[in-house]
Each structure stands twice: as C-alpha cells, then as structure tokens.
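Every chain is numbered from 1 and lettered A, B, ... according to where its sequence line falls, protein lines coming before strand lines. Just so it is clear, the values below take in all heavy atoms, side chains as well, and ignore hydrogens, waters and symmetry mates.
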Amino acid sequence: MSHTLHFFISIVLCFVIGIHRVQSEITYIEARYPLRGTPSAPNAPWPQPQYLNASLNLTYIDPDFFIVYSNLRNCDVIDKAIERYQPLFYPPKLTIRSPDTFDDSRVLISVLIEIRSKKCDVYPDLHDDQSYNITIENAYGKITAENVWGALNGLETFSQLLFITDDDYLAINASVTIRDWPRFPYRGLLLDSSRHFLPVPILKQQIDAMSYNKYNVFHWHLSDDQSWPFVSKKFPQLTEKGAFSPDHVYTPEEVQDIIEHARLRGIRTIPEFDSPGHVAALGRAFPEFLTDCYNGSTPNQAIYSKHAAREIIDVTKDEVYKFMKEFLQEVKDTFKYEPYIHLGMDEVTPACWLSNPNIQKFLKDNNMTNGTDLMTHYSNKILGIAKSIGAKSMVWQDPWDDGVKLPLGTVIGIWKDTSLLPDSPPWSYFLSKATSEGYDTVLSAPFYLNMIKYGKYETNDSVMNLEFFRWYNIDLFANFTGDDAARKRLIGAETTLWGEFVDGTNSLSRLWVRASGVAERLWSSIDVNNPEDAQFRLDVHRCRMLRRGIPAAPILNGYCGPYEAGMKQSMVNDPIFSYID
Amino acid sequence: MRLPIILLFLLAVISYSHGKQPRGSLNIFDVKPTVGQPWPKPQTIKTTSQQYAVHPSAFHFMVNSTSQSCDLLTSAFDRYYRIIFFPQTYLNHILDPELAKHEKQIEPKISLADLQDATLLKRLNVHIAQPCEQYPSLESDESYSLTIDSDSAMLESVTIWGALRGLETFSQIIYADDNLGFAVNNTMINDFPRFKHRGILVDTSRHFISVKTLKMNLEAMAESKLNVLHFHIVDDQSFPYESRTFPEISLAGAYNQAHVYSQDDIAGLIEFARQRGIRVVVEFDSPGHTQSWGLAIDILTHCYSGGKPNDEFGPMDPSRNTTFDFLKKLFSEVASVFPDHYMHLGGDEVDFDCWRSNPDVQAFMLKMGFGTDYSLLEQYYMQNVVDIVGATGKGYTVWQEIIDNNVTVKADTVVEVWKDPYPQELARVTKLGYRTLLSTCWYLDYISYGSDWVKYYMCDPHNFNGTDEQKKLVVGGEACLWGEFVDATNLISRMWPRAFSIAERLWSAADVKDPAVAKPRFEEHRCRYVRRGIPASPENGPSYCDYEYNR
C-alpha cells in the first residue's frame, strides 16, 4: 500500500516540475473529445519505476564538469555504458547552457555507480537481480545495484530524469529517491529476420530502443520458410541456398557484433532455429531432409490445403539428427554465453508425414500410431541433442498442445489465442495450464504488434488511440486459474513483430512507440494501469526516443520539438545513432 | 520486355503468417518482381527482346533542335541522369547535400570498354511542341510518346509536363543488367493519363511534417506520376502556415515556432513540386476545424452554457462582419502565395452546437430569417467564403458538404467526395454538373494488417451509375493520409507503396485492374523506391529487394 501512496505523491510532484518546460505536447484526436489524464513531467521515466519520489526544486548539470564513475574498475559493461550515455545525457544538436551562474550547491557534481557484488558480470541471466536504487541529494547522485545489469537499468532511468529546461539548462530534480525492480524478469522482443531481411544497422537501433525501454531479451527468429540469413561456418550451403541473396545474410562477425551490442546493454540474444516445420529455406540447402509427401502412391505431390509436395523435416532420417547436432553445437558456440536456444516446433501438421510410406513403416516398426508420436520422437531427439551440448531449450507451445510430454525445464512460448486462431482456446487457458503443469512460460499471444489496425478507443468523454490502448491494457493474468506457484512460472512476455510486412523501411516506426506500452506492462507495478495518464508519459518518452535517433511514431496528435524526423536538429539518421558506415 | 511477368510457383507450401490462419489458407505464391516495367502502366507499351546498353559515360539527354525548352527540362535532365545511374545517392543529393558530400561515389560495375560488342543507347532526344508553361494546371496535357529503337531514343510531348512524365517512364524501363550494367529494351510507348487530377493529401496540422519529408513525398509522387499535393496545412490542432498578413496566427496557433512553414519554406515546396509537374492545392478548411486560428484572432464563435460564455469556441462566427473582413485579407494573401488556380476551402464537419448556444448567433439567425435551421447559416457562411475567394480570380475545391448544403458555387468548382457509399455520392454530385474528385475509398490512414493496396487498387472513380457526361466530370481522386497518428517518422513508409494503387488507378487504362497481374510490377516499383532512397514498405508478404533500406 505504501508504494501506491508514494506513487501518487510523486506523480503530483512531477507535474509541478512540468511547469518548467513542456518539451512536448500531445493533443486530442478530435476537439470535442478532450484528452483525459494528467499531463506528464518532462522527465517522467518510462517504464514507471516501482517507487519514485522527487523534489520540486531542480539541480543543474554542467556537461564539462559532470562525471559518472563506478566502484568497478575496468569493467567493459560499465565503462562502455558511461561512454554511450554521453550523447544521451547531452543531446548533441540541442543547445545546453553551462550553469556557471548558479550557486555551486545547485550543480550536480557526479553520479557514483556502486555495484555491490563488485563483479564485472559477462552476460545477463534470467535469475539476476535486476533492481537498482537511485538517490540524488546535495549535488551528488548515486546508483546502487547488486550487479552491473541492475546498474544499467539505473543508468537508463537516471538518463531519463535529465531534461532541458525552457532556458536551455540541463536539469534534474535536486532530490530523488528511486527504488526499482521489474515485475517480470523476462521482457522479450521477437524480430523476424526471415520473412524480410533486417539490416544490421536496423537491428542495432532496435536493440538500443529495447534498452531505452528495459527490454532484456532479444528473441532473434533467424530461420523460416522464406529465408535463412544466418551464415554457418560448418554448413555454408545454408545461406548459399537458403538466403534471399548473398547480400541478405548475417556473417559470423555481424552475429557477434549484434550479440555484443545487446550484451553491453544488458540484453540477452536468444536465437531461434525453427524445426521441424518452417524449414523450406533449410530444405533448399538440404532437400533430402524434407519429407516426400504422397498423393496415394505417387510421391512429391502437393494436396493444397493439406500439404505441399515436400515439406517439414523427415523425422525418420538419421542424417537429420547428425546435422542438427553439429549445427546446434555451432549455434551454442556462436551464442556462447546464452544458455537457451529456441527450437521452434510450431505449426507442424502431420498430413505429409502420414502420407509417406517410409514413415508409415517407421510408425509400425516403432509401435507408434500418429503425428503426435512422430513429434514426440522428434522433440525427444532434438531436446536431447540440445541437452547433450549443454543448451537449455525454449519451444513454441505446439508440441505440448498436441500431447507431447516435454521435459520440465523446457520453456514454453504461448502464442495461440482465439484472436489469431478462431478455433483455439484463449491464451489464458494455455497460460494457466502450462504454468500449472510446472513449465516456465513466456507469453506472446496478446502482443502481436505486427497485426496493425486503425482504431480509436472511445469512452464517453475521451478518445484514445487503440494502437496504444490495446497493448497497454493487457492484463497478463486475466482469467488465470493457476495457483501462486503457477503464477510465478510466468517468467515474462515477448512483444513480437513478425516480418511478413516489415523490413528496414518500417521496422522501427512500426514497433515504437507501441512496444513501449508492453514494456511498462512487463516492468512496472500492476497498479500502474491508468492509460489516460500513461499516454502523456508515453508521449514524453516518444520524444525522448526521437532525441535518441529512434523514429518512434506518434500515438496521438501533437509535437515534440525541433528535433523531429527530417528537421535540422533531428537525430534520426544522424551517424551517432544510426550505425551506418 | 526482356522478361515476361513470371509468377514463380514454389514447390513448398510457404506458411504466410505465424499463426494468422489455419494452414491451408496459408499458401502463398512468391512474387517475382518484373524487370524494367513502369508504374503506372502506360496506355500502350510494346517492347522487343532487343537490348541496348546504357552507360553513364556514354549517354546524355538532348533537347531536339526544333523543340521548346526551359529550365524545367534541363534540371530534369540532371535529376534523371542521377536517378538512372546513381539511384542510391540521388535522394541525399536532392534533400541533404551536406550528407551527400560524404557518400562514396559508386563506380559503374561495367566499364565502357566492356561494352564494345553491345549496342549502346547514346542519347534521348526530347521534343516538346508547346512553349513551357510556368505552372501545371488541371487542364495540362501530360501525354508523351517514347521510342527506343536505335542508339538515339526519342521522347515527344505536347508540353513540358508530358516530357517530365516521359522522363520518369524512361528512368523506370532502364534496369540493372549483369552483362550490360544498365540496359533498356527496344520499346514504343504512347501514354497519357486517364484522369487529370491525381492527388495526395498530406495533413500538417495534426502533426507537423518537416519540409524535407514533404519534399521526399513530392519526389515519391513524381515517381508514380501523381500530380497534385493537396496540402491540408491547418486544422484544429495547429496552424503552421506563417501568414504575411497575420503572423500572429502561427505565433499562437502553431505547435511552436519550430513547427511553422515560413514563406520561404512554402516557396521552396511549390518550386520543388513545379520542377516535378506537381500542383500544390492548399486547403484552408473552415468554418469548422479552425480551433488553432482562434488562438490569436477573435473570429470563432464563443460557446455559451447556462447563459454565459464558457471557455470553449466553436466554428467561425458568421454573425460578425469582422470574420469575413479577416477572411478577405487572409484568402487574398493565400491566393497570391499559391500559384495554382484552385484553393481548397474545406467546409466539412461543421458542428452546430456552439452556434446554437450563442445569443448573438441566435439573433443573427432571426435577422436573416433562417429560423432554427443552422444548415442555412452554414450555407450563408460558405457562400460568403466562396464569393470572397471567387473575387480573387481563383477557383476552388470543396469537400462535398458544401454541395450537400446547396451553396451556389462557380461552374469550375471541384467537389471532393469523401463519404460513403461513394458510388451514390459520385452519381449525385456529377448529376449536379460539378467536376468531382473521389477520396472516400482511399483513406490511407486507416491501416490494417496485410496487403491492403489491393483494396485501394480495386476502387474506381467511374464505379457509379451515370451518363458518359457524368463520368467525364470525374477529374480524378486523392489518397488521403490524415495525420492523427502520422508524422515524419512514418509518413513515407505508410504512404508508400500503398499510394501506388491510386497512382495506377488514376493514370492507367480502366482495364488495368487485376491486382494479381499488377503485383509483380508493384514489387519492382517498391524496390525501385527503396533503391532510390524512399522507404516504401513491404506490402505483399515475405520478399526482398536487392538494396534494402537500412536507416
């Protein structure tokens, strides 16, 4: 209760500070429906911290004399973060005046980042303590955290508290107390590099945007029917045959570059290599891995709506498992710090398998009867391979739905819902069931941000943008029937931007700032759920992302500042933030 | 053409969308983009398999000795040389010269020496029959013919505007070729637009759109032969137009002073558009949609509640002469700033509640004998506005409400239909004898998941019951991207390639209407935009372009 109380107090204080400068302003969709909600302070952090208290009076920052330092020496994660945050603290094209006319007591001198473990961690883990505290008092600031990942979260929040006043001073509340921790430890974003290729500079900007929203898992969907962009050293034919073109690939160096870019921002990169379905691109390199589908006794016959001429991996072939073992070993070595590999296993229909006489014989020989048996066989093999090479497994829910007994410890991704598949139960059903059976679970079903639509959410006296409201308003535990232990097994969720209609031209503006709505849902307290207030804070955050070169699209009418896309002081496409050679 | 349209039927069933629909309806056919086919499709085009190599150091544009010429043509030559041979750096060259300086010059992959055995296309001769007009108009002739059958190609047109359209087509039929570098096939094209008014509405009031982004959008329009920018410059939310006569309006009514179009900005946009044969039709919408105007000038109706004025304002106040005095001055300025014959006067969505509440307006109603019929007051207001604008010598475009409301307008008025069902609306307005535009079915701000360009492609402005005379009155249409959820971050990728549909519907022959046939050409055009630096988004499911957009 006390948290809730403080929460409201702090909002009031922030609003008063807002008088200093309204850096941006959203306005109504239609004049007859004025916006409801409380306007935001210009430096309201997003996602909303668990506990925040800030003074009315301000302290100022002199870019030439302000320093951020840490109790850890020579820790790359911290050193590079401090360097990286310079252009975020001091937006390069905006005017910042030196506060040299102010009394010294009103100038913030330094921020100490104190990492209690005194360890320079290498790679974030699901079970890490991600919390941090911020205090600013008497011209000194301090960020404390158990480990470097919490410290990065704190540094991000600190950077958001800085704002440029009306008279061009860089300011922050003179006294700040923040205690913050995430509601869910797993806050993922899925990007699909197969349906369309996403160039490396775009991926890096996406990862930057994730860090501005405290997302901490990049789920990289790296293969599918349409293309295979991941260059394998062991099996170069995968991209030679499976990529759109030799230009539409990620080289080993680029993959390491992405992993490192994410790691330094406290973001894990979980690669997904989907099988036994979604493998047409794999099948271009290894046609022999696919199943010959039969029409009666004729092989390689498509019966459209049932199966293609050749599709899904033939689970009876030993060379498939030989390949998978070698390939997954390479994946494990490539993503060397990441314990998980996502193995896909979604949307496999057994019609082709069952039409094939060899597979029919295999079923008989092994005392099996149906597609589920085949899928059980395949998933046992693949999960066994993953285990044997020291990897943990994530899979989509499909095999589990179909009755395959997955070992506990397999993380299940819930993606099915009535809204996507009319005959499917709602996601709450799957979520309750999987967590109650003891599986750690990640929810993506209500967060398919690729499924855009135009709409307004109308109450009696206000209108909101549905493309904000419908993501922000999701209650992850709606209709949840599991017990408290089951509840804890929902480790988090994933925003998904499937790539059918997304590439470098629109990936960033389509995802942001909508994905920020999900970010707050996953980080902030369950009590932070007033969309009418949140839209004001989110607008402040969108403008912040614009200042950081992310072309985050608006959720309402209004404006940000002289740094909007295409304007002289725009940071969108500026070399500092765009990673173009 | 060198390559016929090929639909590549993949052997595998490709799942289209992760869990979108049950398998079975998921099957898609990969689309193989065409090579060197223009968008919109010309009225007639004949090609053979004979190829000509086109090389940057052995090709130039020429003005035919008997042709008319002007700066519009010579600057177009400069542009199209760059578009054809250096497309990736073209847009920066135009929009961001500073950035362009740092760009690596791309060397042609094939040297001239490699082309000794090839037949070269050495020049394009351009012949324009009539002297260049200063500005395009609704009446402009945009026809052209293009003949490529020797080392010297020929582009002929009646006007400079037709020549610009022909140059665009010429740039599109040249394609990258492994052996020849750039190549073009033996081609004969005769081309002209089906409709004269092919417009795009951009809304700069809900969000300010930077001049640079507007220019990129104009460039994108030219590359699909769209020829009217409907500049919805002001609305309730903001007034970014910096008036010479009333600078106080944008001082108070713009979002802030960084969000203003100066007179120089406007002149620059008009010139940028003129260079591309694009008209700029500016809209000053009234009497509704004017909240931002009233922040500086007392022209709006004061709304009353409980017998007292509250803090709210309604539409323009027609009961005061000062309102019309103001409009006379403002529209006289606008008429001189924007050279196009037409000015868009809006007139849509007038809310009567505030008028009803105001005692002065009530008294005025009595005095005028309008009773309680506030549509008569609206009619009175618009009649004054059209008379004011008519007196400047300008014509006007209006949203359909004006006609619905029986305002007497000039004979050359263009009426824009935006309501459904549009076939009935078109039939009704054309029956009254007005020139008509259609935008109902082309509201691009209404986004949805999937290939919605097909829906826009299927909509035809002649799809109504009417006589031939009525059909002739339909002068075209407009794709509208209203700005509630659109700013410079997403305007271009949301507009393009979806506006391709409108471009082809309004230019090409009526029988060019099968989206399945158009799709491979659509794909080529999308990638053409990306290669030229315009972030046109993917609309047909999984695909790729040779050059991907990475910024």
Side-chain angles (χ1 to χ4, degrees), chain A residues 25 27 29 31-32 195-197 199 201-202 225-226 244-245 247-248 278 280 283 302 304-311 347 349 415-416 420-421 450-454 465 467 498-506 509 551-555 557-559 561-562 564-567 572-573 578 580, chain B residues 10-25 27 206-213 216 236-238 255-256 258-259 291 351 445-451 483-490 492-494 530 535-539 541-551:
Chain A
E25 192 169 283
T27 184
I29 298 175
R32 66 178 179 278
R195 271 57 177 249
H196 284 96
F197 183 75
I202 299 288
D225 289 325
Q226 287 78 10
F244 285 134
S245 89
D247 294 326
H248 294 81
H278 292 276
Y304 287 113
S305 88
K306 283 181 77 180
H307 58 67
R310 307 186 70 243
E311 62 170 35
E347 298 186 300
T349 52
W415 69 272
K416 292 187 181 179
L420 299 162
L421 304 158
N450 52 310
M451 310 283 269
I452 53 170
K453 64 179 173 195
Y454 184 85
N465 179 357
E467 276 294 339
W498 293 103
E500 282 85 353
F501 300 98
V502 179
D503 69 3
T505 62
N506 59 355
S509 65
I555 59 161
N557 297 322
Y559 70 101
E564 284 160 38
M567 294 169 80
V572 177
N573 285 342
S578 65
I580 300 168
Chain B
L10 285 192
L11 290 178
V13 176
I14 307 279
S15 73
Y16 187 39
S17 163
H18 185 94
K20 175 75 194 340
Q21 292 154 343
R23 210 183 185 89
S25 56
N27 310 351
R206 273 63 178 240
H207 287 95
F208 182 80
I209 308 294
S210 60
V211 169
K212 190 169 150 186
T213 308
M216 188 191 275
D236 284 330
Q237 287 80 2
S238 76
Y255 279 136
N256 71 25
H259 298 80
Q291 293 289 309
D351 179 21
D445 51 320
Y446 290 175
I447 52 172
S448 60
Y449 184 75
S451 307
E484 281 85 353
F485 310 131
V486 176
D487 74 356
T489 61
N490 58 355
I492 300 289
S493 63
R494 204 163 271 197
V530 172
S537 59
E539 266 282 312
S543 67
Y544 68 98
C545 298
D546 290 341
Y547 302 91
E548 298 288 358
Y549 198 83
N550 67 359
R551 54 183 70 196

For this session: Against chain B, work out which of N506(A), I555(A), N465(A), V572(A) has the most heavy-atom pairs shorter than 4.5 Å and name it.
Result: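 Ranked by heavy-atom pairs under 4.5 Å with chain B, first place is N465(A).
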Problem set entry | Best-contacting candidate, S245(A), A31(A), G499(A), A552(A), against chain B by heavy atom pairs under 4.5 angstrom |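 Ranked by heavy-atom pairs under 4.5 Å with chain B, first place is A552(A).
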For this session: Flag the one option from R494(B), E484(B), K212(B) with the top tally of heavy-atom pairs under 4.5 Å to chain A.
Result: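 Among the listed options, the one with the most contacts to chain A is E484(B).
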Smallest separation among heavy atoms of [X] and [Y], with atom names:
X	Y	answer
I29(A)	Q237(B)	O-NE2, 3.2 Å
D247(A)	D546(B)	OD2-O, 4.4 Å
Q226(A)	P542(B)	CG-CB, 3.2 Å
T505(A)	Y549(B)	CG2-CB, 3.5 Å
P199(A)	E548(B)	CG-CB, 4.1 Å
F208(B)	E564(A)	O-OE1, 4.0 Å

Problem set entry | Structural part of N573(A) lying under 4.5 Å from a heavy atom of chain B |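 Side chain only.
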Problem set entry | P554(A): partners by side chain to side chain contact (heavy atoms under 4.5 Å, CB included), with sequence neighbours left out |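 For P554(A), the residues satisfying side chain to side chain contact (heavy atoms under 4.5 Å, CB included) (neighbours in sequence not counted) are R542(A), H207(B), D487(B), T489(B), N490(B).
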Problem set entry | Residue pair S451(B) / F501(A), side-chain heavy-atom distance below 4.5 Å |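 The answer is yes; the side chains approach within 4.5 Å.
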Exercise. Quick one: does F197(A)'s side chain get under 4.5 Å of N550(B)'s, heavy atoms only?
Worked result: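 Heavy-atom side-chain distance check fails, nothing below 4.5 Å.
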For this session: Sequence neighbours left out, what passes ring-ring contact (aromatic ring centres under 6.0 Å, His included) with F485(B)? Give chain and number order.
Result: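 ring-ring contact (aromatic ring centres under 6.0 Å, His included) list for F485(B), sorted by chain: Y454(A).
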For this session: Give, as side chain, backbone, both or neither, the part of V486(B) having an atom under 4.5 angstrom from any heavy atom of chain A.
Result: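 Just the backbone, heavy atoms under 4.5 Å.
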Exercise. For T213(B), is it the side chain, the backbone, both or neither that has a heavy atom under 4.5 Å from a heavy atom of chain A?
Worked result: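 When you check distances to chain A, only side chain atoms of T213(B) fall under 4.5 Å.
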Problem set entry | Donor-acceptor pair, side chain of S210(B) and main chain of A565(A), under 3.5 angstrom |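 Indeed, once roles are kept as given, a pair shorter than 3.5 Å links the two residues.
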Exercise. Quick one: does H196(A)'s side chain have a donor or acceptor within less than 3.5 Å of a partner on G541(B)'s backbone?
Worked result: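 Yes.
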For this session: Drop me the distance from Y544(B)'s OH to F244(A)'s CZ, to the nearest 0.5 angstrom.
Result: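 Result: 8.0 Å between the selected atoms.
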Problem set entry | Separation between CD1 of I447(B) and CD of E467(A), rounded to the nearest 0.5 Å |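 Answer for the CD1-CD pair, I447(B) versus E467(A), is 5.5 Å.
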Exercise. For the side-chain contact (heavy atoms from CB on, under 4.5 Å) test, which of S543(B), P538(B), P535(B), C545(B) pairs with D503(A)?
Worked result: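 So, applying the side-chain contact (heavy atoms from CB on, under 4.5 Å) to D503(A) and each of S543(B), P538(B), P535(B), C545(B), only P538(B) qualifies.
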